[in-house]
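Here is the structure we will look at, set down as structure tokens.
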Amino acid sequence: MKKIQFLSLMAVVIMALCSCTNTDYQKAIPANATLVVKADMKSISEKADFKNSKWKTMLDASLIAVVKGKDMKNVKEYIDDPMKTGIDFSMPLYVFMVGEETAGMTMKVNDEGDVKDFLLLLQKQGLASKPVEKDGLMCGSLVDDISYAYDSKSFLLLASLKGKGTSATNRMAHELMSLKEDDSFASTEAFSRMNDEDDDVVTYTSGKWGEEILAYVLEAFMPAEIDMKDLDAIMCLNFENGQASFKAKAWGKTDKAKALLDEADKNFGTIDGKYIERVSANTLVWMGANVKGEWALGKLKENKSIKEMLFMLERAVDIEQMLRAVDGDVALELQSEDGDLENMPEYVMYAELKNSDFLKDVDDWKASMKDYGISMNSRGDNQYALTMDGDSYLWGVQSDDLFLSSENAVRGGKGGIHSLAAHKDDIKKNKFYIYVDIEKIPLVDFAKQSGMSFLVEPLGELQSVVVKSSSIDEVTLTIELKDKGENFLKQLL
């Protein structure tokens, strides 16, 4: 019960708004931290409109039941004027892990005396011990399990996740509060990169956690020769009007890794936007990139299933020769009239060619594929219908563009204007882009049919999902809402 009371109080305090510029409190994070999270609580509080939210009302109601004696007036004063806590939450707070057993949080102190008064209030409520001076620091514990230490610049919380009490964390708190800068996370490249970002939440992970996240988020973009252990990355979360964005940014820790990233990035160009106007109105998913075919072929062959598929296609056409001719924009549309995800969607792929020399071999392909029960018939100038296992696929070359599509796919932007057009400028700033038109997918109906009524309202607010990358070491996922007038976080809460 004490923990619930403490968390209720701290949740209010964490939403505080104040101001200052001193950053010494950041030095309390050790250089070997396995996880560091920077949170801009001032920005988050404002974007969520916390003071006018239902969560603020709920906290007010819970405090009436939790706070003992005559301290309710003082608690309300802390809520109304967070500067009285002595903690400056306009500066980012940092949550961190040391190994897998110890969690910490460091915050900027604005007024040491106010911090003491706030802790004395918590002591009266049975949530904290009285601050005691030790070796130049004021120390104590919260709810018996969390050590605290503070001075005129920093307030540090430490807790053992293994339930080992506060004796070890008390010692560690003293060590961290007196760290030299060279031994602090503040001296690392990761810290510098985190502070370069102005997103609401920025996270860094190292060791096994970091490698797993990198592999999951960025490995598809990485060259096969690179070792994930030679990379570091930060993850960023930001809330804006009508959208929320998650971004991952990686960098090489060794000269070899840096060189591999630089070389791999050269295989992508910035999207020209050549195929944006061709997208059909019934497109559910659009994917675009600007690539060199030689590199793309090698990347595809790294996947065993795709490599086997390419081998099968070689019975009909010289697919490798075609892919090597690609140089420039490529785009893929997945289409459906009713958003049905149970059946295979229709598809169209476009690719910009540097040459179409492979067309001279079409007659030879026609002759050789008969041995495999495959046929190919002309559908016009350099356009063909390939029939294999009872299914027909259309392909051809028009001007300097290669296209490949299912039999019933719509080509050439027919059927009206697609919402992708509004993203044209953004697309042309990136090297890779995926757009998912959520409005065309019957997710609300699916939620109703599945008995997940709690998802009906939030799913009904979604407009689209975008995944994009402006360089090989960075990828951003953005969730867009229909209502662009309010911040995503406020709408979420």
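Here the side chain of Glu352 pairs a donor or acceptor atom with the backbone of Asp329 at under 3.5 angstrom. Judged by distance alone, the side chain of Ser406 and the main-chain N or O of Tyr347 form a donor-acceptor pair under 3.5 Å.
Under 4.0 Å is where a charged nitrogen must lie from a carboxylate oxygen, and between Asp426 and Lys429 no such pair does. Salt bridge Glu277/Lys424: present, at least one basic N to carboxylate O contact under 4.0 Å. Here Arg193 does not pair with Glu474 in a salt bridge; the nearest charged N to carboxylate O distance is not below 4.0 Å.
Of the candidates Lys47, Lys38, Lys42, Asp200 forms a side chain to side chain donor-acceptor pair (under 3.5 Å) with just one, namely Lys47.
Here the shortest heavy-atom pairing between Met97 and Leu161 reads CE-CD1, 3.6 Å. Contact detail for Ser469 and Ile472: the closest heavy-atom pair is OG-N, 4.3 Å. Across all non-hydrogen atoms, the minimal contact from Val348 to Val410 is CG2-O, 3.6 Å. In this structure, Val279 and Ile276 approach most closely via the heavy-atom pair CG1-O, 3.1 Å. Of all heavy-atom pairs spanning Gly252 and Leu231, the tightest one is CA-CD2, 3.9 Å. Heavy atoms only, all atoms of each residue included: Cys236 and Asp199 are closest at CB-OD2, 3.4 Å.
For the side-chain hydrogen bond (donor to acceptor under 3.5 Å, both in side chains) test, no residue two or more places apart in sequence or in another chain qualifies with Ser184. Here Asp327 pairs with Lys292, Lys354 under the side-chain contact (heavy atoms from CB on, under 4.5 Å) rule; sequence neighbours left out. Here Ser471 pairs with Asp473 under the side-chain hydrogen bond (donor to acceptor under 3.5 Å, both in side chains) rule; sequence neighbours left out. Taking Tyr350 as the reference, Tyr275 meet the ring-ring contact (aromatic ring centres under 6.0 Å, His included) condition, with sequence neighbours excluded. Applying the side-chain hydrogen bond (donor to acceptor under 3.5 Å, both in side chains) criterion to Ser405, with sequence neighbours excluded, gives no partner residue.
Atom CG of Asp255 is surrounded by 12 or fewer heavy atoms from other residues, nucleotides or ligands within 6.0 Å. For Glu457, the CD atom is loosely surrounded, since the number of other residues' heavy atoms within 6.0 Å does not exceed 12. Residue-environment remark: NZ (Lys304) stays at or below the threshold of 12 foreign heavy atoms within 6.0 Å. The local environment of CG in Asp425 is sparse, with at most 12 non-hydrogen atoms from other residues, nucleotides or ligands closer than 6.0 Å. Residue-environment remark: NZ (Lys256) stays at or below the threshold of 12 foreign heavy atoms within 6.0 Å. Around NZ of Lys482, the count of heavy atoms belonging to other residues, nucleotides or ligands within 6.0 Å exceeds 12.
Between Phe403 atom CZ and Gln398 atom CD the span is 5.0 Å, to the nearest 0.5 Å.
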Worked check of side-chain hydrogen bond (donor to acceptor under 3.5 Å, both in side chains) between Glu181 and Ser187:
CA-CA 6 Å; Glu181 187 161 353; Ser187 67; over 6 Å; no
For Thr478 and Gln243: C-alpha separation, side-chain torsions, deciding distance, then whether side-chain hydrogen bond (donor to acceptor under 3.5 Å, both in side chains) applies.
CA-CA 7 Å; Thr478 301; Gln243 66 179 45; 5.0 Å; no
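Listed by first then second residue, pairs satisfying ring pair (Phe, Tyr, Trp, His ring centres under 6.0 Å) with a partner in residues 279-307 read Phe268-Trp295, not counting sequence neighbours.
Between Phe185 and Tyr204, the ring center distance clears the sub-6.0 Å criterion.
With no hydrogens or angles considered, a side-chain donor-acceptor pair links Tyr435 and Ser419 at under 3.5 Å.
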